[in-house]
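What follows is a single structure, written as structure tokens, with notes after it.
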Amino acid sequence: MTRLEQLLADWIPRQRWFAGKGVPIGDVRIEDEYTLVPGEPGLRLLVVDVDQRGAHSRYQVLLGLRPPGTLPADLVHAAIGECEVDGSGARAVYDATHDPDLTAGLLDRIARGTPRGPVRFRRLPGTAVRTGLRSLVLTGEQSNTSLVFGEEYVLKTFRRLWPGHNPDLELTAALAGSPFVARPHGWIEVDLDEGGRRVPTTLAMLQRFLRGATDGWVLAAISVRDLYADLGTAPGDAGGDFAGEAERLGAATAAVHRSLARELPTDVLDADALRGLAGAMVERLRAAAAEVPDLEPYTDTLRAAYDAFARLEEPLPVQRVHGDYHLGQVVRADTGWVLLDFEGEPAVPVGERQRPSSPLRDVAGMLRSFDYAARHQLIGHADEQRLVPVARAWARRNRDAFCAGYADGGGVDPEKHRTVLRAFEYDKAVYEVMYEARNRPSWLRVPLDSIAALSA
Ligand SMILES: Nc1ncnc2c1ncn2[C@@H]1O[C@H](COP(=O)(O)OP(=O)(O)O)[C@@H](O)[C@H]1O
Ligand SMILES: [Mg+2]
């Protein structure tokens with residue numbers, strides 16, 4: 001490894017967006033390197049291959065360069081180290097997403113649509129992009145790094161890279177003009193190697209920033225908190241009742257699903273394909289139960305639900321869907337609900353994420369999220385025992401409202417497709433069991449209690 005690669009091997013695992021936490025990093029190799037802004041401060045785009053016990057993953061690093069010892073105080077937290085970068089002496093290297101003097105160049109190039117060597121900056125036809133805005137890194141994110149330019153645009157830089165167009169760009173562009181998505185303005189791409197072929201790969205997406213929009217998870221959590229503070233009140237009578245929002249969210253979801261089905265390919269899954277999907281669910285259950293013994297009492301019920309799914313009489317309509325749908329992926333703007341982050345699960349290769357799926361998978365994801373919103377505040381609550389039925393009532397009420405809004409908004413009626421919905425809900429809950437057991441054991445009860453309640 002070069003000195004820069006050694007510095008990255010130390011820095012990458014400490015980043016929030018690094019997906020491989022828990023497994024030690026072996027080698028880090030800079031696979032591709034492009035100068036985006038020459039001089040000092042300078043900006044280099046790195047495609048970095050990370051080897052963890054033979055499993056390779058790629059990440060995007062935007063590297064800032066300045067003369068050694070000259071990092072301004074407000075960039076010290078973004079420092080990576082000092083090393084030789086391009087054969088012209090040592091440099092201070094740092095995470096350039098925190099340097100508005102450098103990121104301004106990215107917005108500028110998208111606005112003009114001019115390439116920089118092999119790196120292509122694209123503006124969507126019919127949109128204008130205002131330049132000269134300073135960027136701030138959006139906090140509270142999980143898997144990527146988003147820059148907000150003057151409260152007008154968000155430039156989402158994808159950290160984990162897979163060869164191909166990112167579904168976030170693909171779907172947001174297909175939905176351009178919809179009131180339920182933040183308008184896309186442009187993107188950055190470069191070719192990435194895939195088995196000797198160079199494949200156009202999305203590095204970043206520019207879209208409208210929704211000023212003053214509130215995260216769906218935050219709104220739901222406030223509603224739950226109000227209800228728990230007022231023991232004895234039914235969810236429907238509480239001042240912070242969420243059901244109206246849940247119903248409108250259902251309708252917005254249905255509208256987006258209908259648009260996606262109109263704009264992008266659809267298909268139907270035959271009996272063989274259904275058996276394949278059910279088989280994958282059974283496999284995930286087996287793996288989870290081996291790791292989390294508390295799941296064991298429910299495995300028969302879950303298997304029975306997957307069997308019923310595998311034996312469905314009618315073929316299952318599939319289309320492009322959100323793929324990682326929950327309350328943290330929607331925001332309430334002045335105009336209503338807006339869906340964000342159509343990337344799917346960043347840990348899954350792009351080709352797989354582009355495969356059509358049942359829209360009920362998204363519905364199940366949101367229903368699981370209602371359950372989480374209600375149950376996670378029970379953990380450690382002084383009145384926990386008395387609140388359990390209240391949590392159930394809140395989740396039930398908002399689930400029903402969401403499903404009603406979804407059906408009224410032109411989606412299939414989830415209540416009429418219980419076998420499909422239940423299989424997806426269980427499958428998601430099993431995934432959550434694994435996730436919580438590994439990352440957040442104190443929350444493991446949330447999906448386990450849900451599985452117990454669902455199978456009662
Ligand atoms: N266009 C936008 N307008 C307003 N807020 C946004 C916008 N895009 C993202 N956000 C905020 O940033 C959060 C993370 O964005 P998201 O695209 O979901 O990134 P990640 O892939 O890291 O989850 C969102 O939950 C939302 O609160
Ligand atoms: Mg997200």
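Counting starts at 1 for both ligands and their atoms, in listed order.
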Under a heavy-atom criterion of less than 4.0 Å, does Ser146 contact ligand 1?
-> no

Would you call Ser143 a ligand 1 contact, heavy-atom distance under 4.0 Å?
-> yes

Please work out whether any backbone atom (N, CA, C, O) or any side-chain heavy atom from C-beta onward of [X] is under 4.0 Å from ligand 1, and answer side chain, backbone, both or neither.
X: Asp215; answer: side chain
X: Lys156; answer: side chain
X: Val154; answer: side chain
X: Val338; answer: neither

Does any N or O atom in Val331 lie less than 3.5 angstrom from one in ligand 1, N or O only?
-> no

Short N/O distance, under 3.5 Å, between Arg208 and ligand 1?
-> yes

Under the side-chain contact (heavy atoms from CB on, under 4.5 Å) test, which residues partner Ala221, sequence neighbours left out?
-> Gln377

Please name the pair of heavy atoms, one in Arg160 and one in Pro346, separated by the smallest distance, quoted to 0.1 Å.
-> CG-O, 3.7 Å

On a heavy-atom basis, the closest approach of Gln52 and Val23 is NE2-O, 2.7 Å

Anything under 30° is parallel, anything over 60° is perpendicular, the rest tilted; go ahead and classify Phe370 against Trp394.
-> perpendicular

Indicate the ring-plane relationship of Tyr325 and His322, choosing parallel, tilted or perpendicular according to the 30° and 60° boundaries.
-> tilted

How many protein N, O or S atoms sit closer than 2.8 Å to the Mg ion (ligand 2)?
-> 2

Between [X] and [Y], does any side-chain donor sit less than 3.5 Å from a side-chain acceptor?
X: Arg332; Y: Thr214; value: no
X: Arg130; Y: Tyr153; value: no
X: Arg159; Y: Thr145; value: yes

If you count the atoms of ligand 1 from 1 in the order shown, which ones are under 4.0 Å from a heavy atom of [X]?
X: Gln329; answer: 18 (O)
X: Glu343; answer: 21 (O)
X: Leu138; answer: 10 (N), 11 (C), 12 (O)
X: Gly328; answer: 25 (O)

Would you confirm whether Arg353, through its side chain, and Val348, through its main-chain N or O, come within 3.5 Å as a donor-acceptor pair?
-> yes

What do you reckon, are the aromatic ring centroids of Tyr298 and Tyr426 less than 6.0 Å apart?
-> no

Could you list the donor-acceptor pairs under 3.5 angstrom formed between side-chain atoms of residues 403-413 and any protein atom two or more places apart in sequence or on another chain?
from	atom 1	to	atom 2	distance (Å)
Tyr406	OH	His257	ND1	2.7
Asp413	OD1	Glu415	N	3.0

Of all pairs that satisfy ring-ring contact (aromatic ring centres under 6.0 Å, His included), the ones with a partner from residues 11-33, not counting sequence neighbours | Trp11-Trp17, Trp17-Tyr59, Phe18-Tyr59

